[in-house]
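Excluded from the calculations below are hydrogen atoms, water molecules and symmetry mates; all remaining heavy atoms, backbone and side chain alike, are included.
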Amino acid sequence: MDDLIEGGGTAPGDNAPEFSVSDITSAIKRTLEGAFGRVRVRGEIGRVVRARSGHLYYDIKDDRNVINCTTWKGQAAGLGMEPEEGLEVIVTGRLSAYGPQSRYNLNVDRMEVAGEGALMALLEKRRKALAGEGLFDEGRKQRLPFLPEVIGVVTSPTGAVIRDILHRLRDRFPRPVLIWPVAVQGARCAPEVTAAIRGFNALPAGGPIPRPDLIIVARGGGSLEDLWGFNEESVVRAAADSQIPLISAVGHETDTTLIDHAADWRAPTPTAAAERAVPVRLDLLQWLQGQEAVLSRGMTQTLTLRRQRLGDLSRALPRPETLLDTARQRLDLASLTLAPALRQRASEARARADRAASLLRPGLERSIAARRLSLGRAAAQLTPAALQRLVRDGRARLTREASRLDPARAARQRQEAATRLADLGARLDRAADAVRKAHQSRLDALARLHQTLGYTETLKRGYAVVRDAEGVVTRKADAQRAAALEVEFADGRLAVRPADAPPKPVKPARAKKADPSSDQGSLF
C-alpha cells in the first residue's frame with residue numbers, strides 16, 4: 001500500500017509502476033481489514049433483505065451515512081436476534097471490501113439492541129397521539145360489504161400491485177374498478193393519498209362517475225423510509241374519516257403503518273386485500289347449489305312426514321259412507337212421509353177454502369144486493385126529472401117570497417138564488433157521478449174478490465171437486481163407499497164410479513095393488 005502511495009506521487013513522465021484493478025481492490029481490502037479488524041458499530045437498521053440462500057443483507061445508518069452489512073447463513077443462528085427495520089442496535093463484525101461493486105461492508109456476527117431508532121420513536125409517539133384521539137377505536141370501524149358493486153383502488157398505476165389486484169379480482173368475482181393514481185413514496189405520497197381518499201368520498205351517489213362501495217389503499221413492500229408517507233397524520237385522518245369502508249394493503253405482512261390502524265380492515269398484502277374485497281364466485285354457486293339441495297331434501301322429507309301423518313289420521317277417521325248412512329236414512333224416511341203430508345195439507349187447505357167460500361158467498365151476495373138497491377135509490381133521486389122538480393119547487397118558493405119583497409131586492413135575491421141553485425145543481429150532478437163511480441168500483445172489486453176466492457179459480461189451476469150424493473167428498477174412504485161420484489173440472493163435470501165400489505143393490509119390484517075391479521085376487 002505504501003508502494004502504491006509513493007508511486008502515485010511520482011512526477012509525470014516517470015516510469016511509475018502500473019497496477020490492475022484487482023491489485024487496487026485487494027490492497028484496499030487488506031488495508032481495511034488490517035487497520036480496523038473487528039469493530040463495534042452503533043446505528044439504526046434500515047433495509048432488511050433475506051435471500052433465498054438464507055443470507056441477510058441490511059444497512060446500519062445514522063443521520064448522515066450508511067454502512068452495508070452482511071450476515072451469512074451460518075452466522076444468522078448465532079446473531080442473537082432478528083434484524084428489524086428502524087431498530088437501533090449495536091453490531092459487531094469485521095470490516096471488509098467487496099471489489100466487484102467497489103463497496104465496503106461490515107460482516108456482522110453479533111447484534112444487540114441499543115434503543116429505539118429516531119424514526120421508530122417518532123412513529124410510536126404519533127401512534128399514541130392519534131390513538132388517544134380515538135382514531136384507532138374498533139367502534140369506528142365499518143363493516144365491509146359482502147359484494148361491492150364498484151371498488152376504488154388508491155395506488156401507483158405502473159406498479160405490480162395494481163396488476164395483482166386486478167388479476168385476483170378477475171379470478172374471484174369480476175367487479176368494476178376505479179383507479180386513483182398516486183405516488184406511493186416520497187414527498188408527494190401523503191398529500192396525493194389523502195386527496196384520493198377524500199375524493200372518492202366526495203363522489204355523489206348516482207353521478208356520472210360511480211361512487212365506490214369499497215376503497216383499497218395498496219402499496220408493495222419497502223423500507224420504513226419508503227412507507228413513511230402512509231404514517232403521515234393527514235393520511236391517517238383521511239382513512240379514519242372515510243364514509244366508504246377502507247382496506248389498508250401497504251407493504252408486506254411484517255410491515256406496519258399507521259393507516260393500518262385507522263383502516264376498517266388491514267390486509268397483509270395487496271393480493272389478500274383483493275381476496276377480502278370479493279368472494280369467490282364459484283364458491284357462491286356451489287353454496288347456492290348446496291342450499292338448494294338442502295331445501296329440496298327438507299321439502300321432500302317434510303312432505304313425506306306430512307303424507308305419513310295424514311295417512312295415520314285418515315285411518316282413524318270413519319269411512320265417508322258410514323258418515324252419510326244416518327243422514328241418508330233420515331232423508332229416505334222424510335221423502336216417504338212428504339208426499340202424503342203434502343196431499344193431506346192440500347186437502348185440508350182446499351176444505352178450508354171451500355168452507356170459507358160457502359160462508360162468503362151468501363154474505364157477498366147480500367152485500368152486493370144491498371149496495372145495488374141503495375145505489376138504485378140514490379140514482380133514482382138524482383134523475384133529471386127529480387132535479388128539475390126540485391128546481392121548479394125552489395123557483396116557486398122563491399117567487400112567492402119575492403112577491404112579498406121589494407121588486408129590485410126581489411129580483412136581486414132571485415138572481416142570487418138562481419145562481420146558488422145552478423151551482424147546487426152542478427155540485428149535485430158531480431156528487432151523484434162520484435158516488436155512483438165509487439159504488440161501481442167497490443162493486444167491481446167485490447166481484448173480482450168473489451171470483452178469486454171462489455173454487456172455480458182453483459179448478460183452473462189443475463184441481464177438481466169430487467161430490468157424491470151427499471156433497472163434497474174429501475176422503476178416500478168416503479169415495480170408495482159412494483155408489484157414484486161426480487168430478488167437477490174447470491170446463492165441466494164428469495160422472496164416474498169407483499172401481500172398487502160394491503155393485504148397486506137391485507131393489508125388489510113392488511107388488512102391484514090389487515085392482516078392486518078385478519075378480520082375481522093378488523098372489524102376494
**Item:** Distance-minimising heavy-atom pair for Ala190 and Gly229
**Value:** CB-O, 3.7 Å
**Asked** What pair of heavy atoms forms the shortest contact from Met111 to Pro83, and how long is it?
**Response** CE-CG, 4.0 Å
**Prompt:** After noting the C-alpha distance and the side-chain angles of Glu348 and Arg343, does the key distance pass the side-chain contact (heavy atoms from CB on, under 4.5 Å) rule?
**Reply:** CA-CA 9 Å; Glu348 293 175 356; Arg343 286 193 295 270; over 6 Å; no
**Leu295 CG to Glu292 CD distance, which is reported to the nearest 0.5 Å** = 8.0 Å
**Item:** Short side-chain to backbone donor-acceptor contact, Asp164 and Val161, under 3.5 Å
**Value:** no
**Message:** If you count every heavy atom of other residues, nucleotides or ligands that lies below 6.0 Å from Ile209 atom CD1, does the total exceed 12?
**Reply:** no
**Item:** Any pair counted as ring-ring contact (aromatic ring centres under 6.0 Å, His included), so long as it reaches residues 55-75, sequence neighbours left out
**Value:** His55-Trp72
**Request:** Report the C-alpha separation of Asn107 and Gln75 in whole Å, then their side-chain angles, then the decisive distance to 0.1 Å, and conclude whether the side-chain contact (heavy atoms from CB on, under 4.5 Å) test is met.
**Result:** CA-CA 10 Å; Asn107 178 235; Gln75 298 172 325; 3.1 Å; yes
**Lys/Arg-Asp/Glu bridge criterion (N-O < 4.0 Å) met for Asp59, Arg47** = yes
**Prompt:** Hey, are Asp312 and Gln308 close enough side-chain-wise for a donor-acceptor pair under 3.5 Å?
**Reply:** no
**Message:** Show the nearest heavy-atom pair for residues Leu95 and Leu106, with the distance to one decimal.
**Reply:** N-CD1, 3.7 Å
**Message:** Under a plain distance cut-off of 3.5 Å, with no hydrogens placed, do Ser248 and Asp260 share a side-chain donor-acceptor pair?
**Reply:** yes
**Fill in**
Looking only at heavy atoms, the pair that brings Ala272 and Ala267 closest together is C-CB, 4.2 Å
**Asked** CZ/Arg475 to OG/Ser347 distance, rounded to the nearest 0.5 angstrom?
**Response** 9.0 Å
**Request:** Would you mind telling me which of Leu166, Ile165, Ile216, Val150 makes a side chain to side chain contact (heavy atoms under 4.5 Å, CB included) with Val177?
**Result:** Leu166
**Message:** Could you check whether atom CZ of Arg442 has more than 12 heavy atoms from other residues, nucleotides or ligands sitting under 6.0 Å from it?
**Reply:** no
**Asked** With a 4.0 Å cut-off, would you call Arg266 and Glu253 a salt bridge?
**Response** no
**Asked** In chain order, what residues pass the salt bridge (charged side-chain N to carboxylate O under 4.0 Å, His left out) check against Arg94, with sequence neighbours excluded?
**Response** none
**Message:** Is it the case that the side chain of Asp264 and the backbone of Gln142 share a donor-acceptor pair, with hydrogens and angles ignored and the cut-off at 3.5 Å?
**Reply:** yes
**Message:** Going by side chain to side chain donor-acceptor pair (under 3.5 Å), name the pairs with one or both residues in residues 150-162, residues two or more places apart or in two chains.
**Reply:** Ser156-Thr158
**Prompt:** Just wondering, more than 12 heavy atoms not from Phe136 lying within 6.0 Å of its CZ?
**Reply:** yes
**Asked** So, the side chain of Lys141 versus the backbone of Trp265: is there a donor-acceptor pair under 3.5 Å, distance only?
**Response** no
**Request:** Please indicate whether Tyr104 has more than 12 foreign heavy atoms, meaning atoms of other residues, nucleotides or ligands, lying under 6.0 Å from its OH.
**Result:** no
**Pairwise distance CD(Glu44) to CG(Asp63) - rounded to 0.5 angstrom** = 10.5 Å
**Request:** Mind listing the closest non-hydrogen atom pair of Ala273 and Ala249 along with its distance?
**Result:** CB-CB, 3.7 Å
**Item:** Short side-chain to backbone donor-acceptor contact, Asp62 and Asn65, under 3.5 Å
**Value:** yes
**Message:** Whether Arg126 and Glu233 form a salt bridge (side-chain N of Lys/Arg under 4.0 Å from carboxylate O of Asp/Glu) is what I want to check.
**Reply:** no
**Request:** Please determine if Asp109 and Arg38 form a salt bridge, counting it only when a charged side-chain N lies under 4.0 Å from a carboxylate O.
**Result:** yes
**Message:** Working note: Asp23 + Ser20, criterion side chain to side chain donor-acceptor pair (under 3.5 Å); need CA distance, chi angles, decisive distance, verdict.
**Reply:** CA-CA 5 Å; Asp23 293 339; Ser20 66; 3.0 Å; yes
**Asked** Does any N or O in the side chain of Arg219 come within less than 3.5 Å of the main-chain N or O of Val184, such that one atom is a donor and the other an acceptor?
**Response** yes
**Prompt:** Between Ser242 and Ala238, is there a donor-acceptor pair closer than 3.5 Å when you use the side chain of the first and the backbone of the second?
**Reply:** no
**Fill in**
Between the CD1 atom in Ile151 and the CG atom in Leu178, the distance rounded to the nearest 0.5 Å is 10.0 Å
**Item:** Ser314 side chain vs Gly311 backbone, donor-acceptor pair below 3.5 Å
**Value:** yes
**Request:** Check step by step if side-chain contact (heavy atoms from CB on, under 4.5 Å) holds for Asp171 and His167.
**Result:** CA-CA 6 Å; Asp171 289 344; His167 177 71; 3.0 Å; yes
**Fill in**
Minimal heavy-atom distance between Val154 and Ala196, with the atoms involved, is CG1-CB, 3.6 Å
**Request:** Please answer whether the main-chain N or O of Leu203 pairs with a side-chain N or O of Arg211 as donor and acceptor at a distance below 3.5 Å.
**Result:** yes
**Item:** Minimum side-chain heavy-atom gap Val280-Gln286 below 4.5 Å
**Value:** no
**Asked** Taking C-beta and beyond as the side chain, do Ile247 and Val217 meet within less than 4.5 Å on heavy atoms?
**Response** no
**Asked** Hey, what do you get for CG (Leu284) to CH2 (Trp287), rounding to the nearest 0.5 Å?
**Response** 8.0 Å
**Request:** Without swapping roles, check the side chain of Asp226 against the backbone of Gln185 for a donor-acceptor pair under 3.5 Å.
**Result:** no
**Fill in**
Contacts of Asp241 meeting side-chain hydrogen bond (donor to acceptor under 3.5 Å, both in side chains) (sequence neighbours excluded), chain-then-number -> none
**Asked** Does Arg50 reach the side chain of Leu56, with side-chain heavy atoms less than 4.5 Å apart?
**Response** yes
**Item:** Residues, nucleotides or ligands: over 12 heavy atoms within 6.0 Å of Gln291 CD
**Value:** yes
**Request:** Hey, could you give me each pair passing ring-ring contact (aromatic ring centres under 6.0 Å, His included) that has a residue in residues 297-339? Not counting sequence neighbours.
**Result:** none
**Asked** Is the backbone N or O of Ile197 less than 3.5 Å from a side-chain atom of Asn201, with the two atoms forming a donor-acceptor pair by type?
**Response** yes
**Qualifying ring-ring contact (aromatic ring centres under 6.0 Å, His included) pairs with a residue from residues 176-226, counting only residues at least two apart or across chains** = Trp180-Phe200
